[in-house]
Each structure stands twice: as structure tokens, then as C-alpha cells.
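A short write-up of the structure that comes next.
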Number of protein chains: 2
Amino acid sequence: MEAHKRSTGAMSEQRRARLRLEISREAARLFWDKGVAATSGDQIAAAVGLSTRTIWRHFRSKESCAEPIVMQGVVTLLGVLRRWPRRRSLEDHLTAELTGIRNGDTTPPVDLADELLAMRMIRLADTEPALRAAWLMACDQVEREMCVIVGERLGRPVDDLEIRLYGASAASAVRVLDEHIGAVVLAAGEDFTEFSDVPALARRYAEAIRTATGGAIGDPLDDLIG
Amino acid sequence: MEAHKRSTGAMSEQRRARLRLEISREAARLFWDKGVAATSGDQIAAAVGLSTRTIWRHFRSKESCAEPIVMQGVVTLLGVLRRWPRRRSLEDHLTAELTGIRNGDTTPPVDLADELLAMRMIRLADTEPALRAAWLMACDQVEREMCVIVGERLGRPVDDLEIRLYGASAASAVRVLDEHIGAVVLAAGEDFTEFSDVPALARRYAEAIRTATGGAIGDPLDDLIG
DNA sequence: GACAGTATGTCACTAAGTGACACCCACCAC
DNA sequence: GTGGTGGGTGTCACTTAGTGACATACTGTC
């Protein structure tokens with residue numbers, strides 16, 4: 001019973017995530033083409049071939065349909081951070097993992113088209129307050145995850161005030177970098193080449209996180225802690 | 001004509017702000033008493049004695065009605081930061097200004113009841129996603145202001161990437177502190193005494209901002225810059 | 001092949017939010 | 001005084017985001 005529950009639960013969770021992403025893609029496309037206000041729930045539903053009611057079962061609001069597309073990249077980064085070994089510097093770990101991903105030997109093949117769509121949504125958020133709210137809500141989730149990661153690394157509880165400060169600052173640093181990179185890529189006619197230097201990119205993220213946490217997060221730990 | 005426009009503009013802007021605050025108070029009261037979902041726009045309008053249509057003229061959404069109440073305190077802090085002299089440490093400036101405010105010799109008498117209401121709204125945001133979104137949107141505005149302040153202090157443009165990183169980290173540090181203090185006060189039965197030590201409070205804010213900016217913001221400047 | 005649980009469709013309904021228009025009131029010119 | 005002019009407000013009709021309730025189809029288990 002336990003095992004059964006767990007297995008079907010996991011299955012449907014994957015299915016659910018895939019479907020949400022699919023809906024998100026169509027919604028993002030529509031948002032970009034016609035604007036958020038001019039895109040109705042019915043149109044999103046039609047575009048993905050579902051009933052409108054089902055859309056609202058998977059998303060709380062129209063704007064939150066953009067969330068999965070926008071979160072893909074960030075989720076990947078969080079995964080990378082979660083695998084960060086204690087006795088390694090953040091710079092080293094990020095460069096290693098990110099080049100690894102580009103070479104395809106690690107998990108998720110975040111589609112280039114999806115990344116572009118994500119950047120467009122973040123760009124749209126500049127002029128569409130509702131989208132901005134959705135983006136910030138997504139980043140809020142990231143912040144919580146970040147607190148877990150930081151707390152674990154420093155061996156402190158997640159609700160510790162200092163941990164929450166670190167988590168929040170680190171998360172917003174990542175957010176700002178994402179916004180900046182997205183803006184630059186879009187301004188350059190959707191050309192990624194400026195950021196093809198993966199180690200440099202990794203260094204920027206690492207440095208930002210290190211600075212935002214006042215140096216508390218970034219260095220290798222000589223691991224006196226269990 | 002110019003002068004006239006300007007004066008009436010300023011007048012109506014003040015009036016508008018006062019009215020928004022008034023609406024916000026009633027909305028916050030209702031949100032806290034009955035929950036956000038159970039509070040309708042009509043009820044807010046009735047509570048403040050306006051037509052529902054007028055509510056929507058002053059607020060984009062139901063949840064954003066909470067914004068002015070919640071922002072009062074933060075706006076005050078931003079004002080204090082804007083007056084921060086270059087050759088003074090953040091700790092010194094904050095303690096001086098905040099004790100000054102408490103003593104009433106500086107600008108805004110942020111009502112205690114309003115502060116309490118604000119804390120309640122932030123607390124409610126834990127369980128009401130729509131309120132959380134509104135709160136994050138408000139903090140997003142704070143972040144922009146923070147970038148201006150930081151940029152001016154460091155003599156760099158506001159859209160400079162590093163400035164934006166500092167601004168974002170500082171703003172989220174302030175946000176986390178606000179959330180924490182609010183939570184503690186509410187948990188203590190709405191008792192502020194734990195935070196009556198104003199210098200200690202100021203030191204906490206200053207230290208948080210200093211850490212979040214990797215030490216770039218906080219020290220006095222020996223002002224080689226014009 | 002019957003069964004249980006879950007995802008979906010359909011339809012009726014609530015309420016958030018907008019547009020259009022009339023009104024009122026304060027200020028200004030004459 | 002009368003007659004504008006403009007900004008804020010009320011009224012009402014309307015759109016549409018989002019929910020509840022119920023029926024149905026799908027998926028895997030025994």
C-alpha cells in the first residue's frame with residue numbers, strides 16, 4: 001500500500017510536471033505574441049488542446065502559467081548547488097557541473113527554445129505587473145530552497161535568521177544575474193554567444209553568491225562538521 | 001499654469017496617498033478578520049464608504065489593497081537611507097535617525113496600529129499566496145529605490161550590474177528582517193518590547209545590509225568623489 | 001473483466017476588474 | 001452672479017478569471 005501509493009504518486013507527479021511544462025510553453029508563446037492581457041485562458045487551453053477547466057486545475061492563475069518555463073533554468077542551478085561537495089569551492093563546482101551539463105553527461109537537456117522563452121517572459125515582466133508577480137513568486141520558492149542548501153552547508157537550521165538572510169541574498173543575486181543575462185541576450189537579437197564562455201559565467205554566479213553572503217558561502221569547507 | 005498644475009498635482013497626490021492608506025487600513029482589517037478569500041471588493045468599499053468602482057480605480061487588485069499599510073515602515077527606512085551622509089557609518093546613521101524618529105522630532109509618525117496591521121499582513125502572506133505576491137511586488141519597488149541609493153553612494157549608474165546586485169541583496173535582507181521581526185512580535189502576543197532597544201535594532205539592519213553587499217555598503221566614505 | 005483512483009470535460013456560477021457615461025465639486029475667467 | 005474646465009466619483013452593463021459539482025474516460029491492480 002505504501003509502496004503502491006509512492007510509485008503511482010511519483011508517476012503522476014512526473015506526468016503532471018510534463019503537462020504543466022507543455023501548457024507553460026504554449027502560454028508563454030501566446031503571452032509573447034499577443035501580450036498577457038490579450039491572451040485568455042480559453043486560448044491557452046485551445047492551444048494546448050485541453051479544456052479551460054483543466055488549465056485552472058494545473059495553474060492557480062493565468063500568469064502563473066509562465067512559471068514552469070521560467071523556472072527550468074533556475075531549478076537546474078538549484079540541483080547543481082544541491083550536489084555541491086563540502087570541500088570544493090563554489091567556482092570549481094559550478095564550472096565543472098555546468099560544462100558537464102553542456103557536454104550532455106548530466107541530467108536535464110534544458111531546451112534552448114525553452115530558455116529563450118523564459119528570457120522573453122522575464123522581459124515581459126518588465127511591462128506586465130502580473131507576470132512580474134509570478135516571477136517573484138517563483139524566486140521566492142528558489143529562496144526557500146536556497147535556505148535549505150545554505151543551512152545544510154553551514155550546519156544550521158533553515159529557520160535560523162542568519163541562514164535566511166544568506167538564502168535571500170543569494171537567491172536575489174541569482175535572480176538579478178538571470179534577469180541581466182536574459183536582457184542582454186534578447187537585446188543582442190537572441191544571440192547566446194556572449195555567454196558561451198561557461199567558466200566565466202560560472203565564476204560570475206559564484207562570485208555573486210559569495211559576495212551576497214558576505215563570503216559565508218563559496219569557500220571549500222575543511223569539514224570539521226559531521 | 002505650470003505652477004498651478006504642479007501645485008494641484010502635488011495636492012492630489014497627497015490626497016490620493018492618504019485615501020489609499022485609508023482603504024488599505026480597512027482592507028487589512030478585513031483580510032485579517034475574515035481572510036483574504038472571504039473578503040470581497042464590495043465589502044472593502046462598504047467599509048471605507050466608497051463605491052466598489054472607486055476601489056478599483058485606486059488599486060489594481062484586491063490583494064494590492066494591503067500594499068500601502070505594509071509599505072509605510074519600509075518607506076520610512078528608505079527615507080532614512082536616502083538621508084545617509086557619505087562620511088558616516090550606516091550603524092551610526094541608523095541609530096541616530098531611528099531614535100530621532102521615536103522621539104518624534106523627524107517626519108512621519110507611523111502609527112503603532114498601522115505597524116501591527118502591516119505585520120499581520122506579512123504574516124497572512126505565509127498562507128495566502130496572493131498576499132505574498134503583493135508583498136513581494138512591494139519589495140521589488142523597494143529594491144529599485146535601494147539601487148538608486150546604493151548607486152548614488154558608490155557613484156555608479158543604477159543599471160550597473162554590480163549596483164543591482166547590491167541593491168537586490170540589501171533589499172532582500174531588509175525584507176527578511178522585517179518578516180522576522182513581524183513574526184516575533186506577533187508570536188509574542190503583539191508585544192514590541194523585545195525590539196524596544198533601538199540601537200540594537202539599527203545595528204542589526206546595518207549589519208545585514210553590510211553583509212549582503214559584501215561590505216560594499218555600510219562604511220563611511222572618505223569621499224574622494226564629488 | 002470488475003474495481004479503485006485519478007485526470008479530464010461540461011456546465012452553472014461567483015466575483016474581480018474594466019469601459020462608458022453622467023455627475024458633482026472645486027477652481028478660474030469674465 | 002454665469003459659464004466653463006478638469007479631476008474624482010457613482011452607476012451600470014459587461015468580460016473573463018477562477019471554482020464547485022457532477023459525469024465520464026483513462027490507468028493500473030487484483
Side-chain angles (χ1 to χ4, degrees), chain A residues 1-24 26-27 30-31 34-68 128-131 133-134 137, chain B residues 1-24 26-27 30-31 34-67 128-134 137:
Chain A
M1 207 161 180
E2 279 286 311
H4 167 256
K5 274 266 178 177
R6 231 181 295 149
S7 75
T8 60
M11 277 274 272
S12 84
E13 197 165 327
Q14 265 196 17
R15 289 174 60 93
R16 183 181 176 83
R18 282 175 53 88
L19 180 54
R20 278 174 57 92
L21 188 60
E22 186 59 31
I23 296 171
S24 191
E26 293 303 321
L30 287 167
F31 286 166
K34 331 177 16 176
V36 178
T39 301
S40 71
D42 290 357
Q43 288 169 329
I44 298 173
V48 66
L50 290 172
S51 81
T52 309
R53 185 63 182 89
T54 300
I55 302 295
W56 304 136
R57 269 196 264 262
H58 287 275
F59 293 95
R60 281 201 285 280
S61 67
K62 189 172 71 170
E63 312 81 38
S64 69
C65 289
E67 186 198 314
E128 304 261 12
L131 262 194
M137 285 291 275
Chain B
M1 207 162 183
E2 278 286 309
H4 169 255
K5 272 267 177 177
R6 230 182 297 149
S7 76
T8 61
M11 277 274 272
S12 86
E13 198 166 327
Q14 267 196 17
R15 290 174 61 93
R16 185 183 174 81
R18 281 175 53 87
L19 180 53
R20 278 174 56 93
L21 188 60
E22 187 59 31
I23 296 172
S24 191
E26 292 304 320
L30 287 167
F31 288 167
K34 332 177 17 178
V36 178
T39 302
S40 72
D42 290 357
Q43 289 171 328
I44 297 173
V48 66
L50 290 173
S51 82
T52 310
R53 185 65 182 88
T54 300
I55 301 296
W56 304 136
R57 270 196 263 261
H58 287 276
F59 293 95
R60 282 201 286 281
S61 68
K62 188 173 72 170
E63 312 80 37
S64 69
C65 289
E67 187 198 311
E128 305 260 13
L131 262 194
R132 180 89 191 157
M137 285 291 275

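By convention in this document, chain letters (A, B, ...) are assigned in the order of the sequence lines, proteins followed by strands, and residues within each chain are numbered from 1.
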Shortest non-hydrogen contact between A:A27 and A:C65, atoms and distance | CB-CB, 3.7 Å
Any side-chain heavy-atom pair from A:E128 and A:F31 closer than 4.5 angstrom?
-> no
Separation of [N] [atom2] from [X] [atom1] (nearest whole Å):
| X | N | atom1 | atom2 | answer |
| --- | --- | --- | --- | --- |
| B:L131 | C:dA16 | CG | P | 14 Å |
| B:W56 | C:dA15 | CH2 | P | 12 Å |
| A:E63 | C:dG17 | CD | C1' | 13 Å |
| A:L30 | D:dA17 | CG | P | 12 Å |
| B:I55 | D:dG8 | CD1 | P | 15 Å |
| B:R15 | C:dC25 | CZ | P | 13 Å |
| A:E13 | D:dT27 | CD | P | 19 Å |

Which residues share a side chain to side chain donor-acceptor pair (under 3.5 Å) with A:R20, sequence neighbours left out =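 If we apply the side chain to side chain donor-acceptor pair (under 3.5 Å) test to A:R20, skipping adjacent residues, there are no hits.
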For DNA chain C, the residues among residues 34-46 of chain A that have a non-hydrogen atom under 4.0 Å from it =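 Within residues 34-46 of chain A, no residue comes under 4.0 Å of DNA chain C.
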Taking only residues two or more places apart in sequence or in another chain, which ones pass side-chain contact (heavy atoms from CB on, under 4.5 Å) with [X]?
| X | answer |
| --- | --- |
| A:A134 | A:E63 |
| B:T52 | B:D42, B:A45, B:W56 |
| A:R18 | none |
| B:T54 | B:L50, B:S51, B:R57, B:H58 |

Between the protein and nucleotides 10-12 of chain C, which nitrogen or oxygen pairs come in under 3.5 angstrom?
none

Measure from the side-chain heavy atoms of A:L19 and tell me the nearest of D:dT9, D:dA17, C:dT8.
-> C:dT8
Check salt bridge (Lys or Arg N to Asp or Glu O under 4.0 Å) between A:E26 and all other residues, then give those that pass, not counting sequence neighbours.
-> A:R29
